[in-house]
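Reviewing the structure listed below.
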Amino acid sequence: MPGDITGGFAADDTLFIEVVLPLSLARNYTYRVPAFLNEEIVAGKRVVVQFGKYKMYTALIRSVSTRPPEHYEAKYIIDVVDAVPVVNAKQFAFWEWMVRYYLCNEGDVMAAALPAGLKLASETVLSLRRTGDVQPPLSSKEQLVMEVLARQQRMTISDVIKLLGQKTVYPTVNALLQKQMIDIAEEVSEKYKPLTRSFVSLDDFYKEQENLRQLFDLLEKAPKQLDALLSFMKLSRTGSPVAKQQLLDDSNCGPGAIKALADKQVFRIYKMPVDRLNDDAYDLLLHFELSDAQQAALDEVNAQFMEKDVVLLHGVTASGKTQLYVRLMEKALENGGQILFLLPEIALTTQLVERLKNYFGEKIGVYHSKFNDNERVEIWNKVANGTYRIVLGARSSVFLPFRELQLIVVDEEHESSYKQYDPAPRYQARDAAIYLGYLHGAKVVLGSATPSLESYYNASEGKYGFVKLTERFGGVPLPEQKIISIPEEQKRKKMTAYFSSVLLDDITKAIARKEQVILFQNRRGYATISICATCGYTPKCIHCDVSLTYHKSSGKLHCHYCGYYQNLLNICPACGSVHIEQKGFGTERVEEELQLLFPDLRMARLDLDSTRSRNSLQQIIMDFQERKTDILIGTQMVAKGLDFEGVGLIGVINADTLLNYPEFRALERSYQLLAQVAGRSGRRDKQGLVSIQTYSPAHRTLRQVIENDYEGMYADELAERDQFGYPPFTRLIQIHVRHKDPHVLTRGANELAARLRKLMGPRVLGPEQPLVARIRSYFIMQIMIKADKRTSISKVKEALKDTLLHFHADKDYKGILTQIDVDPY
DNA sequence: AGCACGCCGACT
DNA sequence: GTCGGCGTGCTC
């Protein structure tokens, strides 16, 4: 295995290293090591290499050999960045698995795995060359660049692109280079910069009691300085270094007093790197006893771990799975292992994280996409050096440099956000975590109130252990759930906008009881589409095959796929009519209509649009928690991992958009989502209420939701999957085929499908048009491979890789782009 | 990814 | 004619 093995080579050997570049390249590249760097070469360290004509990248040493490449001259590496490897052998093994399983490149994995702060790329920097010679004639663009350069000394290529407002700037830059007006250089800079703060310490001289006493006498006439000294003495008693800022906050002295003491050689001021991460001291606050049911479940999990590496914990909402996790984590900690606790992205900003942080103190680190680059590097380092024994993280935390994982918890394992769709590696973090657990010899718990069909199936087949926790912790009653028939209400003329009289009544009562309300609407934006009442025209995105959505906050029509937006139409461009209507509705519209009905209530929205920034999500949640908001209107996000004490009613505005989604998992997802939403209501002593509005009140899945009949849903769905050949009875591999010209695309996709069919027969389906047939000016078709249990999936993958290789080499189909998505759900 | 090379349309 | 646009291929 490649890894931490140094040596094995003679000192005067010429070393060649295979490196991974953080780019989507089909293979790794070989570089040559200058002899003076030989001793520093270890797999997993970063090196700086030139790749292509100018560009420098950080590459990772993958393996070392003494054999020169046969068909080309290897370039020399420029430098070795690290003193110790940043990627360990287990990580490389994990990457290799990802490459094999998800049919991606190692560079894709590297790009996803390393925090941006550890991936350096060079920038081409232009600078003036001072020659003083006669100026050669310059084009207007060249002049423009020279003028700016004269003013600000240096420019990067992207500065030039911005300045000239065009993409092709190399001709201009090269011309200036030729005319000897400028120099260019590639600059690689370490992006990660430790944060430093000033600290204060006492000079050794005053560590003698006698000297110190004299000092106090001496400062009699300088009360500010005396104050500073006294504060310092007090702060330093804790034994930790005293920050200058801390001293300023704690005493009444100004910076002048500290400087005066420093000048007198009493204080020493020094800079030291500090943590960016929240380093407040945590108390061990959370002490708890497990209920009998929890204790029994815990014992059962431990018993199952004797035989199985993976256990599915099916615990109804509010059954206290978290306490079970905590016990399991404590045990793993005692054994000296590390723990990975995976959560869906959204759940990471909530109370669970705070509670665990309180409980485990500074052994715990949190990792998700809203941390900045520097913070992520610090977490990476703390996982590598073992400071963090527990990591609470979103899907990308499977890439952290764990040394000895002993336990992996995948909470809410059914969550679709564990799947990364774009870009490659298109991986399922839950599945990847299971392999990661295998590599480390760690145990894996999958927890959910509504397990994914696959996991439940694996458990029932005996592949995973299975433990069920049916009792709600503390005897919290299940909410009352009811279905409201929209057609029925319409018949009786009892619908006001999107709200039935029943739901409005429920809201009024809940508010009267001083409870809060959550309304769930599975769509963001204000109105789904604008439609011309005269001719039926709807404005569409110019790059994608979708209707634009009106967003009230911006007052514009937006495309959810590419971000394109345009002004609202007043006049129909097709027929000139001014009768433009807004059809369909989203969270914004629900909020507005509801505000009209309840002008006194305070409302907030929780969706992707209202939570783009790092803190807004937390702010909205906090406000709701502190009851500054009465009604929270949200998309899927409200269903996930949020616990609110005060919520008495959860309303689902329209369940049909979920049920009718054209995908084989629609009903499973609907059940999970609605059950999860219901779980948000009624904590502690109160029974909550869930009201679901729908056009199809007799739908079997809705029945199953209100009867809490997970097993019934499982049985029905499993039968359908069996009948139509879907997972878990088959494995799916989806191939996305893209081209700007729809005809070229159709021809190419048909040919590719035909070639695959020649190898795999009827397992190959399509090509067909996806729901959205064009995104970002590219037309899309997809081909699906459905491999049943008897088919060797690795052979299918081999054949697929091979076929694609030949297909792309074929001149007739050049320019056609393909993507592979293994387990695309 | 990002850069060079080569082919094609629009403007001096 | 040439400049600048874009498509295609290669990078150890």
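Convention: sequence-line order gives letters A, B, ...; per-chain numbering from 1. Just so we're clear, the structure is a prediction, and the values are computed from it rather than from any experiment.
Atom CE of M56(A) and atom P of dT11(C) are 18 Å apart (whole Å). Between the CZ atom of R27(A) and the P atom of dA1(B) there is a distance of 19 Å, rounded to whole Å. Atom C1' of nucleotide dA1(B) and atom CG of L114(A) are separated by 16 Å, given to the nearest angstrom. Put simply, CG on L60(A) is 16 Å from C1' on dC12(C), counting in whole angstrom units. Remark: P of dG7(C) and CZ of R738(A) are 13 Å apart, rounded to the nearest angstrom. As a whole-Å value, the separation of L817(A) CG from dG9(C) P is 12 Å. Per the geometry, CD belonging to Q50(A) stands 13 Å off P belonging to dT11(C), to the nearest Å. At whole-Å resolution of the value, CZ in R62(A) and P in dC12(C) are 20 Å apart.
Between F807(A) and Y813(A), the ring planes lie parallel to each other; the angle is under 30°, not in the 30° to 60° tilted range. The aromatic rings of F402(A) and H440(A) lie perpendicular to each other, with more than 60° between the two planes, well past the 30° mark.
Nearest nucleotide to the K814(A) side chain, out of dA1(B), dT8(C), dT11(C): dT8(C). For K55(A), the listed nucleotide lying nearest its side chain is dG2(B); candidates were dT8(C), dT11(C), dG2(B).
Using a 4.0 Å cut-off, some side-chain N or O of Y54(A) falls inside it from OP1 or OP2 of dA4(B). Between K141(A) and dG4(C) there is a side-chain polar atom (N or O) within less than 4.0 angstrom of OP1 or OP2. The phosphate of dC3(B) has neither OP1 nor OP2 within less than 4.0 Å of any side-chain N or O from K53(A).
Side-chain atoms of Q428(A) and D823(A) form no donor-acceptor pair, as typed in the model, at a separation below 3.5 Å. With no hydrogens or angles considered, a side-chain donor-acceptor pair links R32(A) and Y76(A) at under 3.5 Å.
Interface residues of residues 28-35 of chain A facing DNA chain C, ordered by number: Y29(A), T30(A), Y31(A); criterion, heavy-atom separation under 4.0 Å.
With R426(A) as the partner, the side chain to side chain donor-acceptor pair (under 3.5 Å) test is satisfied by one option alone out of Q420(A), Q819(A), Q734(A): Q819(A).
Judged by centroid separation below 5.5 Å and plane tilt below 30°, F51(A) stacks onto the base of dT11(C).
Residue L25(A) is classed as a base contact, given a heavy-atom separation below 4.0 Å to a base.
Heavy atoms only, all atoms of each residue included: K55(A) and Y57(A) are closest at CG-CE1, 3.4 Å.
Taken from CZ in R757(A) to OG1 in T803(A), the straight-line distance is 12.5 Å, to the nearest 0.5 Å.
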